[in-house]
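Structure first, then comments.
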Amino acid sequence: MYVVTVLFTIQREHWLAFKNAMYSNAQTSLESELGCHQFDVCEGDPGSHTIFLYEVYATQNDFAEHLKTAHFLAFNALTAPWVIDKQIQIFSRIQAT
């Protein structure tokens, strides 16, 4: 499995709008992308304005296809100006429990 983690820091004034847009993006990804097996949205400590994503795709190609979907492109265009920092890491899942 191909695992993607993303840590966002969001501008305070866009915090709620970003969270709502992210929830929609995650739900649509899970419902419409066969290769998307998990899409967790986690919130940091209150006031940190951080969101951590844990996404699991069947393959690297499935993630590449995710980045081309209409819902992701719309989400990214809407929220990019709200992002202070974005850190992406890639992993291969070797064991699940």
Side-chain angles (χ1 to χ4, degrees):
M1 293 292 199
Y2 191 76
V3 176
V4 179
T5 68
V6 186
L7 179 62
F8 289 96
T9 304
I10 305 304
Q11 295 174 14
R12 181 180 59 229
E13 61 270 21
H14 298 291
W15 177 241
L16 185 57
F18 181 88
K19 287 195 323 182
N20 289 333
M22 180 55 74
Y23 298 153
S24 179
N25 180 56
Q27 182 177 355
T28 302
S29 297
L30 284 168
E31 292 173 353
S32 66
E33 299 175 38
L34 295 177
C36 182
H37 294 276
Q38 186 171 343
F39 200 128
D40 296 342
V41 180
C42 307
E43 181 175 346
D45 289 337
S48 69
H49 302 106
T50 57
I51 292 285
F52 176 78
L53 305 181
Y54 181 82
E55 305 171 51
V56 179
Y57 297 87
T59 67
Q60 182 177 359
N61 188 58
D62 290 318
F63 177 65
E65 290 301 312
H66 164 73
L67 297 177
K68 298 176 189 175
T69 62
H71 68 271
F72 173 79
L73 293 172
F75 162 81
N76 196 51
L78 173 67
T79 63
W82 306 341
V83 175
I84 295 169
D85 188 47
K86 179 179 178 180
Q87 299 173 31
I88 302 169
Q89 291 187 303
I90 305 296
F91 300 89
S92 293
R93 186 164 73 185
I94 56 175
Q95 181 179 356
T97 57

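When a residue number appears, it is its place in the shown sequence, counting from 1.
Residues Val6 and Phe72 are members of one and the same hydrophobic cluster, defined by side-chain heavy-atom contacts under 4.5 angstrom among Ile, Leu, Val, Met, Phe, Trp and Tyr. A continuous path of ILVMFWY side-chain contacts below 4.5 Å connects Leu78 to Leu53, so both sit in one hydrophobic cluster. One hydrophobic cluster, built from ILVMFWY side chains closer than 4.5 Å, cannot hold both Val41 and Phe91; they sit in different ones.
Using bins of under 30°, 30° to 60° and over 60° for the plane-to-plane angle, the ring pair Phe39/His66 lands in the perpendicular bin.
With rounding to the nearest 0.5 angstrom, the CD atom of Gln89 is 12.5 Å from the OH atom of Tyr54. Interatomic distance, NE2 of His14 versus NZ of Lys19, reported as 15.0 Å (0.5 Å rounding). To the nearest 0.5 Å, atoms CZ (Phe75) and OG1 (Thr69) are separated by 11.0 Å. Summarising the geometry, atom CE belonging to Met22 is positioned 6.5 Å from atom OG1 belonging to Thr79; distances are rounded to the nearest 0.5 Å. Residue Phe63 holds its CZ atom at 10.0 Å from CD of Glu33, rounded to the nearest 0.5 Å. One distance of note links OG1 of Thr59 with OH of Tyr2; it measures 9.5 Å at 0.5 Å rounding.
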Could you walk me through whether Gln60 and Asp62 pass side-chain hydrogen bond (donor to acceptor under 3.5 Å, both in side chains), step by step? CA-CA 5 Å; Gln60 182 177 359; Asp62 290 318; over 6 Å; no

Checking Val3 against Glu55 for the side chain to side chain contact (heavy atoms under 4.5 Å, CB included) test, could you report, in this order, the C-alpha distance in whole Å, the side-chain angles of both residues, the deciding distance, and whether it holds? CA-CA 6 Å; Val3 176; Glu55 305 171 51; over 6 Å; no

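Residues Ser29 and His71 have side chains that bring a donor and an acceptor to within less than 3.5 angstrom of each other. A donor-acceptor pair shorter than 3.5 Å cannot be found between the side chains of Gln27 and Asn25.
When all heavy atoms of Lys86 and Asn76 are compared, the closest pair comes out as NZ-OD1, 4.0 Å. Nearest approach of Ile51 to Glu43, heavy atoms of both residues: CD1-CA, 4.3 Å. Among all heavy-atom pairs drawn from Val4 and Ile90, the shortest one is CG2-CD1, 3.7 Å.
Under the 4.5 Å side-chain criterion, counting only non-hydrogen atoms from C-beta, His37 is in contact with Met1. At least one side-chain heavy atom of Phe18 sits under 4.5 Å from a side-chain heavy atom of Val83. With a 4.5 Å cut-off on side-chain heavy atoms, Thr50 and Phe8 do not count as touching. A 4.5 Å side-chain heavy-atom check between Leu30 and Thr28 finds every atom pair outside the cut-off.
The closest donor-acceptor contact from the side chain of Ser48 to the backbone of Asp45 lies under 3.5 Å.
Within 6.0 Å of CG in Leu67 there are more than 12 heavy atoms belonging to other residues, nucleotides or ligands. Within a 6.0 Å radius of CD1 in Ile88, other residues, nucleotides and ligands contribute more than 12 heavy atoms.
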